[in-house]
Engineer: 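One structure coming up, written as structure tokens, with questions to follow.
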Amino acid sequence: YKENGESLINGLPFKLDGYPSSNGTFSANFSPSGKYLALDGWSNPPTINEPNVWIIDMQQFLRDPSKTIDPIVSINTQRDYCMFFGSDPVFITDSTFVINMWRATGADGGYHEISIDGRYIRKLTKPY
């Protein structure tokens, strides 16, 4: 979350290369074991050519929170899956998460399962 314009994980400030500035919005979700954190962020205005989901190894972060975080994977939903507006990653296992993605036309929207290494697994729901 943000506090006084600073991004925090478990109350510790963090720096992540390429993470949206303080005027952007973001969400975060821990894996069931707490080993990984999925960060979702949007710069304001949104930038299509930059990642919008980052998977963080929490053990690496907690070893030295003062260092800039190097995510184990950075996902750009447009480049990687031809989808716009990937958002709200939610872990379902320690190795997979669900993300809401859709195309600009609204076609192929819904929830999709992605592995923590950035591999597309499957579509879980139909568009609404």
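When a residue number appears, it is its place in the shown sequence, counting from 1.
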Engineer: What residues form a side-chain hydrogen bond (donor to acceptor under 3.5 Å, both in side chains) with R122, not counting sequence neighbours?
Structural biologist: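 Here the qualifying residues are E113.
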
Engineer: Taking a hydrophobic cluster as the set of Ile, Leu, Val, Met, Phe, Trp and Tyr residues connected by side-chain heavy atoms closer than 4.5 Å, whether directly or through intermediates, do I121 and V53 fall within one such cluster?
Structural biologist: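 They do not share one cluster, since no chain of ILVMFWY contacts under 4.5 Å joins I121 to V53.
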
Engineer: To the nearest 0.5 Å, tell me how far I72 CD1 sits from I116 CD1.
Structural biologist: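 Nearest 0.5 Å value for the CD1-CD1 distance: 4.0 Å.
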
Engineer: Between L39 and A28, what is the shortest heavy-atom contact and its length?
Structural biologist: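 Heavy atoms of L39 and A28 come nearest at CD2-CB, 3.6 Å.
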
Engineer: Which value, rounded to the nearest 0.5 Å, describes the distance between I55 atom CD1 and F97 atom CZ?
Structural biologist: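 Reported to 0.5 Å precision, the distance equals 4.0 Å.
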
Engineer: How are the rings of Y36 and F91 set to each other: parallel, tilted or perpendicular (split at 30° and 60°)?
Structural biologist: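 It falls in the parallel class, under 30°.
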
Engineer: Nearest 0.5 angstrom please: D70 CG to W54 CH2, how far?
Structural biologist: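 Interatomic distance, D70 CG to W54 CH2, rounded to 0.5 Å: 13.5 Å.
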
Engineer: Do you know the tightest heavy-atom contact between R63 and P65?
Structural biologist: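 Between these two residues, the closest heavy atoms are C-CD, 4.0 Å.
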
Engineer: Restricting to side-chain hydrogen bond (donor to acceptor under 3.5 Å, both in side chains), what partner residues turn up for N29, sequence neighbours left out?
Structural biologist: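 Testing N29 for side-chain hydrogen bond (donor to acceptor under 3.5 Å, both in side chains), a comparison that skips the adjacent residues, returns none.
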
Engineer: Would you give the length of the straight line joining atom NZ of K35 to atom CG of D57, rounded to the nearest 0.5 angstrom?
Structural biologist: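 These two atoms lie 6.0 Å from each other.
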
Engineer: Among residues at least two apart in sequence or on other chains, which ones pass side-chain hydrogen bond (donor to acceptor under 3.5 Å, both in side chains) with T93?
Structural biologist: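 Residues passing side-chain hydrogen bond (donor to acceptor under 3.5 Å, both in side chains) with T93: S95, T96.
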
Engineer: How long is the gap from OH on Y120 to CD1 on I114, to the nearest 0.5 Å?
Structural biologist: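 Y120 atom OH to I114 atom CD1 measures 6.5 Å (nearest 0.5 Å).
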
